[in-house]
Amino acid sequence: MNENILKRIGLNEDESKIYLYLLKNPKLNISEISKNLNLNRPKLYKILPNMEQSWLISKIIIWKRINNIAENPKLLNNYLNNLKNNFNNF
């Protein structure tokens, strides 16, 4: 999977980078994502909840720390169905 495919289905550049990075590096907290992708933390605090709502990532708690993991790429179908439903309801 590459960033261009994710952009074509509606993810922005930052969301695409985060998703692909979490696929390769699961169980990272916001600080680690911020450091490795050079994205500031306040921006991540806005992006990650949206990605979680879209079924792209999940949060897990390890040693009292919230970590993020990317969902299986096959679950992107759920994301696409949500987009389709939102469009049809528009």
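Distance CE/M51 to CG/D14: 9.5 Å, rounded to 0.5 Å. With values rounded to the nearest 0.5 angstrom, N40 atom CG is found 11.0 Å from I30 atom CD1. To the nearest 0.5 Å, the span separating CG on N36 from NZ on K24 amounts to 12.5 Å.
Side-chain atoms of E15 and L6, non-hydrogen and from C-beta on, never get closer than 4.5 Å to each other. L11 is not listed as a side-chain neighbour of E3, based on a closest heavy-atom distance of 4.5 Å or more. Looking at R65 and I62, their side chains never come closer than 4.5 Å, going by heavy atoms from C-beta outward. Residues K7 and N12 fail the side-chain proximity criterion, which asks for heavy atoms closer than 4.5 Å. Counting heavy atoms from C-beta outward, L48 and I57 have side chains that approach closer than 4.5 Å.
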**OP:** Report the C-alpha separation of I69 and I60 in whole Å, then their side-chain angles, then the decisive distance to 0.1 Å, and conclude whether the side chain to side chain contact (heavy atoms under 4.5 Å, CB included) test is met.
**Re:** CA-CA 8 Å; I69 58 170; I60 57 171; 4.1 Å; yes
**OP:** Show your reasoning for whether side chain to side chain contact (heavy atoms under 4.5 Å, CB included) applies to E32 and N25.
**Re:** CA-CA 10 Å; E32 294 165 326; N25 305 284; over 6 Å; no
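Between K59 and E52 there is a salt bridge, since at least one side-chain N of the basic residue sits less than 4.0 Å from a carboxylate O of the acidic one.
Judged by distance alone, the side chain of N38 and the main-chain N or O of S34 form no donor-acceptor pair under 3.5 Å.
Note on L28: it clusters hydrophobically with L39, by side-chain heavy-atom contacts below 4.5 Å among ILVMFWY residues.
For the residue pair L56 and Y19, the shortest heavy atom distance occurs at O-CE1, 3.2 Å.
Annotation for I66: atom CD1 does not count as buried by contact number, only 12 or fewer foreign heavy atoms lying within 6.0 Å.
Evaluated for a side-chain contact (heavy atoms from CB on, under 4.5 Å) with N68, the options I18, I33, L44 yield exactly one hit, I33.
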